[in-house]
Each structure stands twice: as structure tokens, then as C-alpha cells.
Amino acid sequence: MTLVPGTAVRVKDDWPERRGPCHIRTPHYLRGREGTIERVLGRYKNPEDLAFARPAPERTLYHVLFAQPPVWGEGAAGDTILVEIFEHWLEPH
Amino acid sequence: MAAPPRPESIALLDKLVAALSAKGIVTEAQIAARQAITDKASPEIGARMVARAWTDPDYFDLLLRDGHAAAEEMGATMAGAPPLGVLVNTPTRHHLVVCTLCSCYPRALLGYPPHWYKSFAYRSRAVREPRAVLAEWGTSIPDSVEIRVVDSTADFRWMVLPLRPAGTEGWDAPRLAGLVTRDALVGVALPKAA
């Protein structure tokens, strides 16, 4: 199911790098953070599999918008961070 | 400019290319063709795209709809490159591009990124204190304007379409392109009409 722009999401608070070798395109500073779907960018092969030359299923890639100050506990109200995040890293919020 | 390659590096490269050729993975001609594409990439192409988008509404629409087609029309070769996304600055929103994970950058279009773009300092700070980073570049963004930091993490590569500066009414595209620097194309600087 594709999430529509405006949907509230949370980035999974998951740390696969603690379980073993991996390649992750989800920045650590966003794990567990709440954001909003800004745009559907398309379907792309999962880089976490590509990096290890495994069969890589396509996943939906989203542009997800975050308010900047809550992420860092500082910054200017109204500033934002926009990040590409794959569907399997997002959960409904 | 980068230092000239060391003889041992060239010897190693020759051996690698010979091994890849022997295995039928890549040919010398393919490498030369890719090198020609890389050499052609330049911020100057991005500057001409911006200037045309400022002066040609149809091209502006194409740029947002299909970044590859818009770049190819201005002389870049985008075959095999990741999709190109364009971030449109407005009077109330300024975009700043960073890749916190590595150094994703629209290389097929703009060439290799500058060294600071790959630095740990820029990658750490741009996403956390963008206004302080911009101030150090001499780029002042009013408090009333949203700064949107775009962390380039996956399959797209991002380019900023800056605002056309005041005082350029009546300028043609070539003259406008002269205002658009490499740094303006990732949002650390603003085009200025001197």
C-alpha cells in the first residue's frame, strides 16, 4: 500500500548495524522520529540487498519531511529536513 | 587541481583494466566513453539550466517533470545516472543539499563535488545547524524564510533551482547563467546581480 502525501509516519527505531554487517540508507539521527510523507519518489531496488549482491526487491521510496528543531533539540522553528526513506523503514503514526 | 597520479597507481589501474577486459566485464572503449561523459559534466551546465528555467516557462515545467530530459537538452549525458530531482526555492523557502551518509551529488550533471561537500564538518553540521553553516558562507537567509535541508540518502540526486535575483529584469539567459555558481546549485550560496 502506497502512503499518500500528508500521512504521518514514524521512522523505525531499529539499529541493524548492532546485529551485524549491513548497508543502510536511513540516517541514524532520524530513527524513531516522526515526520510526514511529502512525496512518493518511485520504486527502487532495496540498497540494503544491492550492497551485498543479494536479490533486491523493489521498494517504494518516499520523500519524508521532518520539523528540524525537535530532531536536534535546537534550531529555528519552521525549518525542516527532507529525506529519502524506503517504505520498510516507516510505520504509521 | 588534483596532484598528478603516481606511476604505481597508473600501473595498478592498467592491471585492473586488463583483468576486467580479459574477463569480458568492461572494454577500454566503454571506459573511454564513460570518461568523456564525466569530463563533460560541469556546474556551467547546471547554471545554463537555471537561467533557462528563469526565462522559459516550458523549460521550467520540463525541469520539474523530467530532470534527465532537461539536463540532456542542455548538453549533459544522463544515461545510467540516478534520477535528477530539482528543489525550487521560493520567497519563503530556501533549500540546502547535503549527503550525511556519504557524498551523493548530481555528478553526471555537475561533475565531481567540491571537497568541502564531502567533509565530515559540512555533512555533520549542515543538517543540524544550517543557519550557522550558511552564515559562515556569507549567505544570510531571513528568519521569515524556511530553511529546508535536503539530506540526499538514496536513489535521487538533487539540484537547487535558486530564486532569480532582483535587478536582473530584461537580462537574457546567457547573462543570467553567469550569476549561478556551483555553490548556488546546492544552496550554500545565492546568485547575486553584483
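Predicted model only: the values in this text are computed from it and were never measured. Order of the sequence lines fixes the chain letters, A, B, ..., with proteins taken first and strands second; residue numbering starts at 1 for each chain.
Options Leu30(A), Leu65(A), Leu82(A) differ in how many heavy-atom pairs under 4.5 Å they form with chain B, and the most are formed by Leu82(A). Of the residues considered (Val71(A), Thr26(A), Val83(A), Ile85(A)), Val83(A) shows the highest number of contacts with chain B, using heavy-atom pairs under 4.5 Å.
With side-chain heavy atoms closer than 4.5 Å counting as contact, directly or through intermediates, the hydrophobic cluster containing Leu20(B) also holds Leu13(B), Leu16(B), Val17(B), Ile25(B), Val26(B), Ile31(B). Cluster partners of Leu163(B) are absent, since no Ile, Leu, Val, Met, Phe, Trp or Tyr has side-chain heavy atoms less than 4.5 Å from it.
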Trace of the side chain to side chain donor-acceptor pair (under 3.5 Å) decision for Trp15(A) with Asp13(A): CA-CA 7 Å; Trp15(A) 300 84; Asp13(A) 191 4; 2.9 Å; yes
Side chain to side chain donor-acceptor pair (under 3.5 Å) between Arg25(A) and Thr153(B), intermediate numbers included: CA-CA 6 Å; Arg25(A) 304 305 304 177; Thr153(B) 52; over 6 Å; no
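Using a 4.5 Å cut-off between heavy atoms, Thr100(B) touches chain A through its side chain atoms alone. Heavy atoms closer than 4.5 Å to chain B are found nowhere in His28(A), neither backbone nor side chain. For Phe86(A), the part lying under 4.5 angstrom from a heavy atom of chain B is the side chain only. In this structure, chain B has heavy atoms under 4.5 Å from both the backbone and the side chain of Leu41(A). With a 4.5 angstrom heavy-atom cutoff, Arg39(A) touches chain B only via side-chain atoms. Only the backbone of Val145(B) has a heavy atom closer than 4.5 Å to any heavy atom of chain A. The part of Ile24(A) that comes within reach of chain B is its backbone (N, CA, C, O), which places non-hydrogen atoms under 4.5 angstrom from that chain.
Val180(B) and Leu64(B) fall within a single hydrophobic cluster, where Ile, Leu, Val, Met, Phe, Trp and Tyr are joined by side-chain heavy atoms under 4.5 Å apart, directly or via other members.
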Atom pairs and distances, donor-acceptor, side-chain atoms in residues 79-95 of chain B, under 3.5 Å, two or more places apart:
{"residue": "Asn89(B)", "atom": "OD1", "partner": "His95(B)", "partner atom": "N", "Å": "2.8"}
{"residue": "Asn89(B)", "atom": "OD1", "partner": "His95(B)", "partner atom": "ND1", "Å": "3.0"}
{"residue": "Asn89(B)", "atom": "ND2", "partner": "His94(B)", "partner atom": "ND1", "Å": "3.3"}
{"residue": "Thr90(B)", "atom": "OG1", "partner": "Thr92(B)", "partner atom": "N", "Å": "3.1"}
{"residue": "Thr90(B)", "atom": "OG1", "partner": "Thr92(B)", "partner atom": "OG1", "Å": "3.3"}
{"residue": "Thr90(B)", "atom": "OG1", "partner": "Arg93(B)", "partner atom": "N", "Å": "3.0"}
{"residue": "Arg93(B)", "atom": "NE", "partner": "Glu146(B)", "partner atom": "OE1", "Å": "3.1"}
{"residue": "His94(B)", "atom": "NE2", "partner": "Gly187(B)", "partner atom": "O", "Å": "2.7"}

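The environment of CZ in Arg43(A) is crowded: more than 12 heavy-atom neighbours from other residues, nucleotides or ligands sit within 6.0 Å. By the neighbour-count criterion of 12 heavy atoms within 6.0 Å, atom CZ of Phe52(A) is densely surrounded, having more than that number from other residues, nucleotides or ligands. Counted within 6.0 Å of NZ on Lys118(B), heavy atoms from surrounding residues, nucleotides or ligands total more than 12; the atom is thus considered enclosed.
Inspection of non-hydrogen atoms places Val127(B), Arg128(B), Glu129(B), Pro130(B), Arg131(B) of residues 121-131 of chain B under 4.5 Å from chain A.
Between Thr168(B) and Arg164(B), the side chains place a donor N or O and an acceptor N or O closer than 3.5 Å (distance only, hydrogens not considered).
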